[in-house]
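The structure appears right after this line, and notes come after that.
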Amino acid sequence: MARCYPISLVLAGRPCLVVGGGRVAERKILSLLACEARVRVVSPILTRGLQAMAEKGQIEYRQGEYRPADLEGIFLVVAATNRDEVNHRVAREAMERNLLVNVVDDPPYGNFYVPAVVRRGALQIAISTDGKSPLLARRIKEELEKRYGPEYGLLADLLGEIRADLLEQTVDPVRRRNVLTALVDDQVLRLLAAGELEQAKERVINAYHRGRSEP
Ligand SMILES: C[C@@]1(CC(=O)O)c2cc3[nH]c(cc4nc(cc5[nH]c(cc(n2)[C@H]1CCC(=O)O)[C@@](C)(CC(=O)O)[C@@H]5CCC(=O)O)C(CC(=O)O)=C4CCC(=O)O)c(CCC(=O)O)c3CC(=O)O
Ligand SMILES: NC(=O)C1=CN([C@@H]2O[C@H](COP(=O)(O)OP(=O)(O)OC[C@H]3O[C@@H](n4cnc5c(N)ncnc54)[C@H](O)[C@@H]3O)[C@@H](O)[C@H]2O)C=CC1
């Protein structure tokens, strides 16, 4: 595949189809549900986990083999069966309809890969090797998980609130930019790395008030 263009896709409420109901399908479905996608699954059988989700109405399930009509009204597709020829067909028919499609066992057939992700609230760090080594992506993710703890999610949320406030109140773009830059200085990051969340927050809030009240 050519060099990939990374994006953060909003899936809330969007119909997404997963073809196949095995272990890999289950992992992909969990990450789709975490983004509030509307998930439909088509497969002759489901893992126990997926069965439970279907019974609770968290996912829509059609028991059976894939057929092209399954793509109707769909925004994004994951071809996750254990049969190459089925996955290839799903990819081809999805691409004919200009859909987003991920193929779990033969990446170049689809048009997107799923990266490994470190999630910290609104902050997400995605690692992709353009399909070359999922295991390397996973290893790097594990390193980053140690380096960027849950406090970064809290910081991202706090900065989001402050920024929204600033965008509403400060018209001068240069001034706005200066305040935003002052919020995330080295000291704030050092405090966070040391687990001093409260002190880091205080520093951010002080920098904000100082920046806003300066002439
Ligand atoms: C191309 C891609 C397609 C896609 O988008 O699915 C793909 C393809 C394949 N994966 C395979 C195997 C494994 N995949 C993992 C794990 C993950 N795989 C993920 C993504 C991707 N995997 C996409 C590329 C991402 C990139 O650009 O780097 C992660 C990051 C995200 C996720 O899937 O949610 C998730 C990390 C989970 C986490 O966050 O920890 C592990 C390790 C493990 O399970 O621990 C193994 C076993 C070790 C190994 O083989 O390396 C095989 C061979 C299958 C076989 O042997 O039959 C293929 C097929 C092939 O490459 O041909
Ligand atoms: N992308 C990734 O991260 C990884 C990909 N893989 C690859 O993913 C594939 C799937 O792996 P698993 O989930 O472990 O396999 P699995 O054997 O557990 O599940 C396969 C599923 O596909 C369904 N299926 C078969 N034919 C179908 C059809 N015509 N229509 C609809 N559903 C159909 C089966 O009912 C079953 O639910 C394998 O080819 C494997 O090589 C494996 C590990 C990681």
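All values below come from the heavy atoms of this structure, side chains included, with hydrogens, waters and symmetry mates left out. Every number for a ligand or one of its atoms is a count from 1 in the order of the listing.
For N87 (side chain) and V78 (main-chain N/O), no donor-acceptor pair under 3.5 Å exists by modelled atom type. With hydrogens and angles ignored, the 3.5 Å screen pairs no side-chain donor or acceptor of E151 with any backbone N or O of G195.
One option in V78, V18, V86, N102 has a heavy atom closer to atom 29 (N) of ligand 2 than any other, and that option is V86. Atom 17 (C) of ligand 1 has its nearest heavy-atom neighbour, among R138, R27, E142, in R27. Counting only non-hydrogen atoms, the option in G110, P108, G131 that gets closest to atom 24 (C) of ligand 1 is G131.
At the top of the distance list for atom 23 (C) of ligand 2, counting protein heavy atoms only, stands S43 OG, 3.5 Å. Nearest protein heavy-atom contact of atom 6 (O) of ligand 1 is K28 NZ, 2.5 Å. From the protein, the heavy atom lying nearest to atom 30 (N) of ligand 2 is Y66 N, 3.0 Å. The nearest heavy-atom contact from the protein to atom 26 (N) of ligand 2 is R83 NH1, 3.5 Å. Looking only at protein heavy atoms, the nearest one to atom 20 (C) of ligand 1 is V114 O, 3.2 Å. Considering only non-hydrogen protein atoms, atom 28 (O) of ligand 1 sits nearest to T129 OG1, 2.6 Å. For atom 5 (C) of ligand 2, the closest non-hydrogen atom on the protein side is V104 O, 3.4 Å. Protein heavy atom in closest approach to atom 42 (C) of ligand 1: L135 CD1, 3.7 Å. The nearest protein atom to atom 4 (C) of ligand 2, hydrogens excluded, is given as V24 CG2, 3.8 Å; this is a heavy-atom distance. With hydrogens left out, the protein atom closest to atom 17 (O) of ligand 2 is N82 ND2, 3.2 Å, a heavy atom. Looking only at heavy atoms of the protein, atom 7 (C) of ligand 2 is closest to D105 CB, 3.9 Å. Protein heavy atom nearest atom 7 (C) of ligand 1, with residue, atom name and distance: P134 CG, 3.9 Å. Annotation: atom 58 (C) of ligand 1 to nearest protein heavy atom, V104 O, 3.7 Å. At the shortest separation from atom 37 (O) of ligand 2 among protein heavy atoms lies G21 N, 3.0 Å. The closest protein non-hydrogen atom to atom 30 (C) of ligand 1 is A116 N, 3.4 Å. For atom 60 (C) of ligand 1, the nearest non-hydrogen atom of the protein is P107 CD, 3.8 Å.
There is a path of hydrophobic side-chain contacts, each under 4.5 Å, that joins L76 to V39. L123 and L191 are assigned to two separate hydrophobic clusters, defined by single-linkage of ILVMFWY side chains at heavy-atom distances under 4.5 Å. Linking Ile, Leu, Val, Met, Phe, Trp and Tyr whenever their side-chain heavy atoms come within less than 4.5 Å leaves I205 and L167 in two separate clusters. Under the 4.5 Å side-chain heavy-atom criterion for ILVMFWY residues, a single connected hydrophobic cluster contains both I29 and F112.
Using 4.0 Å as the threshold, S31 has no heavy atom nearer than that to any atom of ligand 1. Between R27 and ligand 2 there is a heavy-atom distance shorter than 4.0 Å. At least one heavy atom of P44 sits under 4.0 Å from some atom of ligand 2.
Within 4.0 Å of atom 56 (O) of ligand 1, not a single protein heavy atom is present. For atom 53 (C) of ligand 1, the nearest protein heavy atom lies 4.0 Å or farther away. Counting only heavy atoms, the protein never gets under 4.0 Å from atom 50 (O) of ligand 1. Distance screen at 4.0 Å: atom 9 (C) of ligand 1 has a protein heavy-atom neighbour inside the cut-off.
Annotation for ligand 1: atoms under 4.0 Å from non-hydrogen atoms of P115 are 30 (C), 31 (C). If you number the atoms of ligand 2 from 1 as listed, the ones under 4.0 Å from a heavy atom of E65 come out as 29 (N), 30 (N). Numbered from 1 in the order shown, with element, the atoms of ligand 2 that lie under 4.0 Å from a heavy atom of G20 read 22 (O), 23 (C), 32 (N). Within ligand 1, counting atoms from 1 as listed, the ones closer than 4.0 Å to a heavy atom of D130 are 27 (O).
When all heavy atoms are compared, the tightest approach of C16 to L32 is CB-CD1, 4.3 Å. Nearest heavy-atom pair, L50 versus G21, reported as atom, atom and distance to 0.1 Å: CD1-O, 3.6 Å. Between T47 and R23, the shortest heavy-atom contact is CG2-N, 3.9 Å. Of all the heavy atoms in A137 and A116, the pair that sits closest is O-CB, 3.8 Å. Taking all atoms of both residues into account, the shortest heavy-atom contact from A25 to V18 is CB-CG1, 3.8 Å. The two atoms that bring G20 and V41 nearest to each other are O-CG1, 3.6 Å, heavy atoms only.
Between R3 and D130 there is no salt bridge, since none of the side-chain N atoms of the basic residue sits less than 4.0 Å from a carboxylate O of the acidic one. Ion pairing between R203 and D185 holds under the 4.0 Å rule for side-chain N and carboxylate O. A salt bridge links E142 with R138: the closest approach of a Lys/Arg side-chain nitrogen to an acidic carboxylate oxygen falls below 4.0 angstrom.
The shortest side-chain heavy-atom distance between V103 and Y113 does not fall under the 4.5 Å cut-off.
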For the pair E93 and R89, evaluate salt bridge (charged side-chain N to carboxylate O under 4.0 Å, His left out) and give the outcome as yes or no after the intermediate values. CA-CA 6 Å; E93 291 169 351; R89 204 179 128 212; 3.3 Å; yes

Where do R62 and D70 land on the salt bridge (charged side-chain N to carboxylate O under 4.0 Å, His left out) test, with the steps shown first? CA-CA 9 Å; R62 186 178 75 72; D70 291 319; 3.0 Å; yes

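For ligand 1, the polar-atom distance check against K141 finds a nitrogen or oxygen pair separated by under 3.5 Å. Polar contact check, S128 against ligand 1: a nitrogen or oxygen pair lies under 3.5 Å apart. Close N/O approach between V19 and ligand 2 is not found [any backbone or side-chain N/O within under 3.5 Å].
Contacts of V42 with ligand 2, taken as heavy-atom pairs under 4.0 Å, involve the backbone alone. Residue contacts with ligand 2 for T81 involve both N, CA, C or O and side-chain atoms from C-beta outward (heavy atoms, distance under 4.0 Å).
Annotation: cation-pi geometry not satisfied between R120 and Y152 (NZ/CZ under 6.0 angstrom from ring centroid, within 45° of ring axis).
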